[in-house]
Amino acid sequence: MTQTTVVNPLLQGRGLPAFDKIQATDVEPAVTTLVQEIEAQLTELEEGILC
């Protein structure tokens, strides 16, 4: 079985996103993912400060 991976152009990581490939449906999942990543980083930072 072949698995297809859909890449969200807003989450490419470096540089500017491929604006011509962004769809309205990409925005909410990208924001959700980025907020979760930032929350995890803040938690890690807070734990480092409180130790």
Side-chain angles (χ1 to χ4, degrees):
M1 180 185 340
T2 304
Q3 185 175 2
T4 303
T5 302
V6 177
V7 177
N8 187 325
L10 293 171
L11 297 174
Q12 71 179 17
R14 291 184 176 241
L16 296 173
F19 291 108
D20 60 331
K21 294 187 171 111
I22 297 172
Q23 301 292 317
T25 55
D26 294 329
V27 176
E28 184 178 349
V31 170
T32 300
T33 298
L34 292 172
V35 168
Q36 290 171 344
E37 289 176 4
I38 291 169
E39 285 177 338
Q41 291 173 1
L42 284 172
T43 299
E44 185 179 327
L45 178 63
E46 289 170 344
E47 289 171 354
I49 292 172
L50 297 175
C51 290

- Reported CD-to-CG distance for the pair E28 and N8, which is rounded to 0.5 angstrom: 11.5 Å

- If Ile, Leu, Val, Met, Phe, Trp and Tyr residues are connected whenever their side-chain heavy atoms lie under 4.5 Å apart, and connections chain through other members, are L16 and V27 in the same group? yes

- dist T33:OG1 -> L10:CG (nearest 0.5 Å) comes out at 10.0 Å

- Task: List the atom of P9, the atom of P17, and the distance in Å for their closest heavy-atom pair.
- Result: O-CB, 3.4 Å

- Message: Could you measure the distance from the OG1 atom of T43 to the CD1 atom of I38? Nearest 0.5 Å is fine.
- Response: 11.5 Å

- Tracing side-chain contacts under 4.5 Å among Ile, Leu, Val, Met, Phe, Trp and Tyr outward from L11 reaches L34

- Rounded distance [0.5 Å steps], CD in Q12 versus CD1 in I22: 8.5 Å

- Look up atom CD in E46 and atom CD in E39, then write down how far apart they are to the nearest 0.5 Å. 10.5 Å

